[in-house]
Q: 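After the structure tokens below, expect a handful of questions from me.
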Amino acid sequence: MSDGKDDGGAAPGRRRRSWTLDEKRRIIDESLEDGASIAEVARRHDLNANQLFTWRRQCGLEPAEPKKLAPILPVRITPAAAAEESGLGSSGQIEIVLAEGERILVWSDVETAALTRVLKALSRR
């Protein structure tokens with residue numbers, strides 16, 4: 001039976017807290033200090049870290065430094081005619097040119113496991 005009160009589905013005994021704009025700004029400013037951990041700031045104020053992230057986003061704040069992704073580089077595929085011109089003694093190779101201009105030449109007889117280790121190491125740089 002219903003007692004006529006609508007608690008919005010909240011757990012019994014729990015109330016939704018209300019934060020003033022000044023309180024939110026003070027907590028957000030605290031989370032922006034050098035070396036501050038959002039999780040620690042949120043715990044200190046008995047607040048969920050996701051709520052603090054939401055407040056920061058609503059204020060137009062972005063993460064201090066977005067994760068740097070590797071740039072997408074152009075790939076050139078040589079026509080089949082050029083491969084035929086190289087002659088029967090062609091060993092077949094791949095040239096990988098990194099963003100910094102470094103080049104890696106890989107021949108067809110390279111071990112797959114070794115090449116995989118090299119590419120994984122480069123992706124972590």
Side-chain angles (χ1 to χ4, degrees):
M1 266 176 115
S2 175
D3 61 3
K5 294 180 183 175
D6 184 14
D7 64 358
R14 294 196 63 170
R15 291 185 180 191
R16 180 174 278 200
R17 289 179 26 191
S18 178
W19 299 89
T20 67
L21 192 54
D22 287 337
E23 289 173 320
K24 289 179 182 181
R25 285 184 182 150
R26 185 176 45 79
I27 295 170
I28 290 169
D29 288 343
E30 187 178 333
S31 76
L32 295 172
E33 292 176 5
D34 284 342
S37 162
I38 293 202
E40 288 176 11
V41 171
R43 269 192 299 266
R44 221 178 354 261
H45 296 282
D46 195 27
L47 176 70
N48 186 299
N50 290 329
Q51 183 65 56
L52 183 50
F53 277 115
T54 299
W55 290 350
R56 288 169 51 131
R57 192 172 44 254
Q58 288 171 344
C59 287
L61 300 172
E62 296 296 323
E65 191 168 320
K67 183 178 178 183
K68 291 184 179 181
L69 300 176
I72 296 177
L73 301 175
V75 175
R76 182 180 36 195
I77 300 176
T78 309
E84 291 173 7
E85 292 173 7
S86 66
L88 296 173
S90 174
S91 62
Q93 70 182 29
I94 298 172
E95 178 181 7
I96 302 170
V97 181
L98 304 176
E100 297 84 22
E102 298 165 316
R103 296 172 22 163
I104 299 172
L105 295 176
V106 181
W107 285 268
S108 60
D109 60 346
V110 69
E111 291 181 26
T112 305
L115 180 57
T116 301
R117 284 192 303 272
V118 168
L119 293 175
K120 281 183 181 178
L122 288 172
S123 70
R124 290 186 209 123
R125 294 191 327 165

Q: Rounded to the nearest 0.5 Å, how far apart are CD of Gln93 and CD1 of Ile104?
A: 13.0 Å
Q: Can you find a side-chain donor-acceptor pair between Glu30 and His45 that sits under 3.5 Å?
A: yes
Q: Is it the case that over 12 heavy atoms from other parts of the model lie below 6.0 angstrom from the CD atom of Gln58?
A: yes
Q: Looking only at heavy atoms, what is the nearest atom pair of Leu47 and Gln51, with distance?
A: CD1-CG, 3.7 Å
Q: Out of the candidates Arg56, Arg26, Glu40, only one should pair with Ser31 under the side-chain hydrogen bond (donor to acceptor under 3.5 Å, both in side chains) rule; please name it.
A: Arg56
Q: For the residue pair Leu52 and Ala42, what are the closest heavy atoms and their distance?
A: CD2-N, 4.3 Å
Q: Arg17 and Asp46: which non-hydrogen atoms are nearest, and at how many Å?
A: NH1-O, 2.9 Å
Q: Please report the shortest heavy-atom distance between Ala39 and Ala49, naming the atom on each side.
A: CA-CB, 4.4 Å
Q: Hey, could you give me the CD1/CG distance between Ile38 and Asn50, rounded to the nearest 0.5 Å?
A: 10.0 Å
Q: Report the distance from atom CD of Glu33 to atom CD1 of Ile28, rounding to the nearest 0.5 Å.
A: 13.0 Å
Q: Please name the pair of heavy atoms, one in Ala36 and one in Val41, separated by the smallest distance, quoted to 0.1 Å.
A: CB-CG2, 4.5 Å
